[in-house]
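Right, one structure below, let's go through it.
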Amino acid sequence: MWAMNPDQVATLRALLAPTGWLDRTSSFARALRRSARTRNGLLIVGTAGDEPWHMTAHLTDESRYAGIPELAPTLVRWAPEPGAPAHLSVGIDRLRAATRAETLLVVSEQIAPAELLERVRDVRRAGATVFALDQDDPELDQLAHESLPVSPATAPVSFDGAQHLVTSSIAADPGRPGSPGASDRRLRSRLARLLDAVSGTPAD
């Protein structure tokens, strides 16, 4: 991953702006931020064969950079390894305990299997807010309160690229005090990761 200068940032934004994807991902990110109101209350889950490691890592980074602990996600896993560290040992039964004050983010590049859909239904019935980031999965999108389908046929970015767009927007707050220089450097770093993802370079 390489650093981007301000001109490259502006160019990337200009390329994506006409597609509407900056607006779509920013809207999804803002809704997710508003929903994540309690510490440890943002749950993230994928499929058994494709856990959302990258999304979890980038949300964790954004939470730390912005000083917003409510954005730190809890990765929910289908089969944690025995002896895994605490942050990697939260099993799928955690979803049974989801409450109205919590939020579930489903990140799935595959069509959600029946077992995942049933878990999502249970979480929604419990009153939690459900978000879905997927590759155009109508059944999952119907269950979610907010969804961002990334269709391989029409989206101008890859599925990894869409995740980077969301995480680069989620902690943005123009009114929040801080160092403009540090903020600009973080933005360039995030967009550099996004450009890697868009161009097909594996995400870090």
Side-chain angles (χ1 to χ4, degrees), residues 1-6 8-9 12-13 22 24-46 50-77 80-81 84-91 94-95 97-99 101-109 128-133 146 148 157-198 201-204:
M1 193 272 289
W2 44 277
M4 295 180 75
N5 63 43
Q8 290 168 322
V9 172
L12 181 56
R13 285 190 173 277
L22 288 178
R24 291 182 63 187
T25 52
S26 293
S27 176
F28 184 85
R30 285 194 301 270
L32 183 60
R33 177 175 174 172
R34 287 194 300 268
S35 180
R37 303 183 302 273
T38 59
R39 189 186 291 265
N40 301 320
L42 176 56
L43 311 176
I44 182 169
V45 70
D50 189 14
E51 296 181 316
W53 296 101
H54 290 146
M55 188 74 169
T56 300
H58 291 311
L59 283 172
T60 300
D61 287 344
E62 295 302 328
S63 169
R64 183 172 63 251
Y65 291 149
I68 307 173
E70 294 83 4
L71 289 179
T74 297
L75 176 62
V76 178
R77 306 183 64 198
E81 298 85 357
H87 69 290
L88 298 179
S89 62
V90 178
R94 171 65 177 83
L95 298 185
T99 69
E102 294 180 320
T103 299
L104 175 65
L105 172 60
V106 183
V107 180
S108 180
E109 195 169 0
T129 305
V130 178
F131 286 74
L133 177 59
E146 297 275 352
L148 182 63
V157 296
S158 66
F159 191 70
D160 280 341
Q163 292 180 65
H164 282 291
L165 279 173
V166 170
T167 55
S168 69
S169 300
I170 195 166
D173 183 355
R176 181 171 52 84
S179 165
S183 176
D184 289 345
R185 286 193 297 272
R186 288 200 297 270
L187 175 61
R188 290 196 292 273
S189 175
R190 295 167 190 153
L191 289 175
R193 292 198 302 267
L194 168 60
L195 189 58
D196 285 344
V198 171
T201 304
D204 56 338

I'd like to know if Glu102 and Arg94 make a salt bridge, using a cut-off of under 4.0 Å between side-chain N and carboxylate O. yes
Which residues pass the ring-ring contact (aromatic ring centres under 6.0 Å, His included) test with Phe28, not counting sequence neighbours? Phe131
Could you give all pairs that pass the salt bridge (charged side-chain N to carboxylate O under 4.0 Å, His left out) test and reach residues 63-72, with sequence neighbours left out? Asp61-Arg64
Write down the atom of [X], the atom of [Y], and the distance for their closest heavy-atom approach.
{"X": "Ala98", "Y": "Ala128", "value": "CB-CB, 4.4 Å"}
{"X": "Pro69", "Y": "Gly67", "value": "CD-O, 3.4 Å"}
{"X": "Ser35", "Y": "Thr129", "value": "OG-CB, 3.5 Å"}
{"X": "Pro52", "Y": "Ile44", "value": "CG-CG1, 3.7 Å"}
{"X": "Leu22", "Y": "Ser26", "value": "O-OG, 2.7 Å"}

Tell me, do [X] and [Y] make a side-chain contact under 4.5 Å, heavy atoms counted?
{"X": "Leu133", "Y": "Val106", "value": "no"}
{"X": "Pro73", "Y": "Leu43", "value": "no"}
{"X": "Leu75", "Y": "His87", "value": "no"}
{"X": "Met55", "Y": "Val166", "value": "yes"}

Let me confirm one number: the [atom1]-[atom2] distance from [X] to [Y], rounded to the nearest 0.5 Å.
{"X": "Arg34", "Y": "Ile170", "atom1": "CZ", "atom2": "CD1", "result": "11.0 Å"}
{"X": "Ser63", "Y": "Arg33", "atom1": "OG", "atom2": "CZ", "result": "10.5 Å"}
{"X": "Thr74", "Y": "Leu105", "atom1": "OG1", "atom2": "CG", "result": "12.0 Å"}
{"X": "Tyr65", "Y": "His58", "atom1": "OH", "atom2": "NE2", "result": "9.5 Å"}
{"X": "Leu59", "Y": "Gln163", "atom1": "CG", "atom2": "CD", "result": "9.0 Å"}
{"X": "Thr167", "Y": "His54", "atom1": "OG1", "atom2": "NE2", "result": "11.5 Å"}

Given Leu148, which of Leu165, Thr25, Leu32, Val107 fulfils the side-chain contact (heavy atoms from CB on, under 4.5 Å) condition? Thr25
